[in-house]
Every structure is written in C-alpha cells, then in structure tokens.
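Reviewing the structure listed below.
Below, chains carry the letters A, B, ... as their sequence lines are ordered, and counting in each starts from 1.
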There are 2 protein chains.
Amino acid sequence: MVPRGRPRDMEVDERVLRIAAALILERGYTGLSIDEVAEQAGVAKTTLYRRWPTKDHLAVAVVARLQADDEITDTGDIRADLVNYLEKIAAGLNRMRAAGHRQGPSAGAVGELVAAAARHEDIGRLTREQYAERNALALALIERARVRGELRADLDAEALFDQMAGALYYRVMITGAPVDRAYAERLVSSALEGNLTCH
Amino acid sequence: MVPRGRPRDMEVDERVLRIAAALILERGYTGLSIDEVAEQAGVAKTTLYRRWPTKDHLAVAVVARLQADDEITDTGDIRADLVNYLEKIAAGLNRMRAAGHRQGPSAGAVGELVAAAARHEDIGRLTREQYAERNALALALIERARVRGELRADLDAEALFDQMAGALYYRVMITGAPVDRAYAERLVSSALEGNLTCH
DNA sequence: CCAATTACGAAACTGTAGTTGCGCAATCCC
DNA sequence: GGGATTGCGCAACTACAGTTTCGTAATTGG
C-alpha cells in the first residue's frame, strides 16, 4: 500500500511539535496560539490542521511526549516493583504538571488532557486504550506476585491498582499535593498491609 | 456595611445558571456559548461578565451544583461509613460525568472542572479548599475509628483516603470505568483488609 | 433634592479557533 | 508524458470569548 500523491514533509511535524511544546511550557495551554505556531514554524494554518484537526489534538500530541515510558520491572519483590512503577508514573505527572501553568501548584497539562479526552471522542478512546495497556501490565505484575504467594489469593487486582494510580492522579489534579517516591512508598504500604487492626 | 449603588437583580443569576445548565447538559462545555446564554436569558453580555469573569467560571458555577452534598455519617462501623461516603462521591461524579458530553463514557464535566482549576488560579484555590474541607471530614472519621481500635494504630489516614477517593476519580476521568456502590465496596475491602498474604 | 455609586443594555471592537476556495507543487500509476 | 491524488501556501471568511465605551436606571447617604 504505497501512499499516493505528494508526501508530507515530516520535518514540519517535528518542528511544529517542538515550537508548540515551547509555547505550552512557557505560557500554558491558553497561551498556545495556532496562528503563532504556524507563523513560527513557517507553515500555513491549513498545514497544521491537516495533521491535528483541533488545538486540543495538537496539545495532546505535545503533552504525550512528556509522559514517562512506564517501563515495568519484575524483580520478584512486589513491594519494590510497585514503588518503582508508581514513581515513574509520578515523574510523568510532575512533568505534565509543570506544563500548562506558570505559577502555583496545579494540574497543569494533566487537566487539559482529561478535558480534551472528554471533548473529543477520538482522544478519549485513544487515552483509554493507552491506560488499558498500562493497566494490563500492572495487573499482570500483581497477578504474578499473587501466583507465587506474595499476595493474597483472593485479592482484587483492579481495585488495588486503581487505588494506587488513582491516588497519584487525585493529588495532582484535585488536591494539588505533591507526589514523589516517599508518597509512592506510603501508598504501597497502606495498600498492601491494610488498615484493619491485627487480630 | 450596606451595599451602595443599584442592587443586582438576583433573578438574573438564577435564570442564567438554569439556562447555562440546560445548554451544558445538552451540548457540553464546547456547545455552551456566552452570547447564546445572554440572549436566552434576556440580558447583556456585560451583565454576565460582571458575575462570572470567564466562561470557565460560569461553567464551574453550573457544575458545582451537580456535586453531592457529601454528608458524612459515623455509625461506628468504619467499613459501612466509608462505603456510604464513597458512594455519595461516586453519585456526584456520575452526575457530572453525564454532563459535558452527549454520548460515550467520558469524564464529561469533571475534566472541564479540573482544566478550569488549572487555567484559573482562583478556581484552583477554591476547589482545593473545598476538597481540603472534605478531606478533613474523612480524615476525622478515620481517626475516630482508629482511636476506638477499629483501625490500625499506625495507619496512614491521608494515603488511605487518597487511595479510595482517587480510585473513583481515576476511573471516571482516565479509564472511563463505572463507579457505583459495588465498586465502592471493593475499594473499601481492598484498602482495609490489605493485599499481603496472611502470616 | 443632589451627588456618589453600582447595575444594566447596546454596540462596536479585538483576538483566536476553525473553515473554505484556489492555485501550485510533488508524487504514483498507466 | 499525462491524469489522478495528495500536500502546501495564501487569503478571506465565520463563530465565539472577552473588552470597552457610553448612556441610562436604581439605590444610598447627606
């Protein structure tokens, strides 16, 4: 399936994303102007809209680059593996949090991403798929720990991971509290050890 | 301190919020037009902007009405109290999720709220304060259960509540999975009972 | 009654997202 | 080479958020 017609200038994609990233980091989502990106990149607006149908799509493409690669490790110590994984997620969140706002603790680009997913069905579907993939990796990690007897046989893996990942997002987007390795350790401890009194 | 000058027409606030709510529920945030709200409400745009400085502020005011009152109960059974509280939060989230989007599972108005908090420092401060209040209530509930011996003496109350509330928001905003009473029960079970194998 | 103060409506204005039409350029298939 | 297809630049256009100006209305305090 060879593409027909004039091929796209791939250098444009790279240049535009770089310029848009600089603008978002400097002025936030609201300060990102399509006209200005086009001008600085030396291309027409139509060229931008051929690649990203809305400003949201462009912003999502930019912000997606800030997210961590989320490589998961399985050392056989579920506690350490979970802390490491959560820390990676937290690092991506902190990078996104820095973008989209100049001052103060805020959701920054994370919030814009969620809003974009809510506004555009295709972005929503895409992000849900990406998170489903990540979820599957984490659930598999938990399942392996369960099988080898490190975790309870009757655990609820989905609830367990939702709790830990959710707490990170909740703090970044809602309460504005910091997320770092120390907090990841607190989360894993609380989730694994439980909170009922010992009998 | 008697207010000077011509008093505001309070009926305008009510009428505008009602009309804006109808538009948001019908067409979503993007489909909400200040011009149209002003026209339908029979007021000038300047009258709207005197009350809500941006479209985001108006939308937040509308959506805030959808949130639950979050009354907390303390029956002495921490498990039941937490499930009830999480269910109330989930109900508010589901109401907000329905708004802001016509079809498909999506964050809806929740995402717009987070984005608005990220874009406007005053909205962000306000929502963080509201959530801090709610957090304080939940932490007090947990603390009372700890003191009466229902929960571990060395628990991390902040992590515990972040986990449960965060999981709800994570599902609504990120994965699009449903949140209901059954899920609230799974969350509380997982968080309270822990996930390590019993020794 | 009068001055200060605040609310309201109307209209024009700016900036930006997104669209459309057109002419030209680059590529593939025959 | 020639036609079909796709990318690109240019310019004009629409729609909407948000602002500004100005004239008028309603209220308080003196």
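- Put simply, Arg4(B) has no side-chain N or O that comes within less than 4.0 Å of OP1 or OP2 on dT6(C).
- Remark: P of dG23(C) and CZ of Arg6(A) are 17 Å apart, rounded to the nearest angstrom.
- Between Phe161(B) and Tyr85(B), the ring-plane angle classifies as parallel under the 30° and 60° cut-offs.
- For Glu39(A) and dC10(D), the CD to C1' distance is 14 Å, given to the nearest whole Å.
- Between Arg50(A) and dC8(D), a side-chain N or O to OP1/OP2 separation shorter than 4.0 Å is present.
- Across the protein-nucleic acid pair, Leu48(B) atom CG and dA10(C) atom C1' stand 15 Å apart, rounded to whole Å.
- Protein atom CG of Asp56(A) is 17 Å distant from nucleotide atom P of dT16(C), rounded to whole Å.
- Looking at which nucleotide of DNA chain C each of Lys45(B) and Gly5(B) is closest to, the 5′-most match is held by Gly5(B).
- Atom CZ in Arg51(A) sits roughly 15 Å away from atom P in dT6(D) (whole-Å rounding).
- Computed from coordinates, the Ile34(B) CD1 to dA11(C) P distance equals 20 Å when rounded to whole Å.
- Nucleic acid contact class of Leu58(A) (heavy atoms, under 4.0 Å, all strands): none.
- Interface remark: the Thr47(B) side chain does not form any donor-acceptor pair with the dG9(C) base, using a distance-only criterion of under 3.5 Å.
- Residue Gly42(A) is classed as a sugar-phosphate contact, given heavy-atom separations below 4.0 Å to backbone atoms only.
- Figure legend: Lys55(A) and Tyr29(A) shown as a cation-pi pair, the cationic atom lying under 6.0 angstrom from the six-membered ring centre and within 45 degrees of its axis.
- Taking only side-chain nitrogens and oxygens, Ser33(A) comes nearer than 4.0 Å to OP1 or OP2 of dA17(C).
- With respect to the salt-bridge test (charged N to carboxylate O, under 4.0 angstrom), the residues Glu71(B) and Arg134(B) do not qualify.
- Asp35(B) has its CG atom 16 Å from the P atom of dT14(D), to the nearest Å.
- Atoms CD (Glu36(B)) and C1' (dG18(D)) sit 17 Å apart, rounded to a whole Å.
- Of the two residues contacting DNA chain D, namely Thr46(B) and Tyr49(B), the nearest-nucleotide position lying further toward the 5' end is that of Tyr49(B).
- Between the side chain of Lys55(B) and the base of dG18(D), no donor-acceptor pair under 3.5 Å is found.
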Legend entry - Test log, rule side chain to side chain donor-acceptor pair (under 3.5 Å), inputs Arg146(A) and Asn195(B): CA-CA 9 Å; Arg146(A) 188 186 72 83; Asn195(B) 289 280; over 6 Å; no
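- No contact: Val12(B) has no heavy atom under 4.0 Å from any strand.
- With 3.5 Å as the limit, one finds a donor-acceptor pair spanning the side chains of Ser189(A) and Arg79(A).
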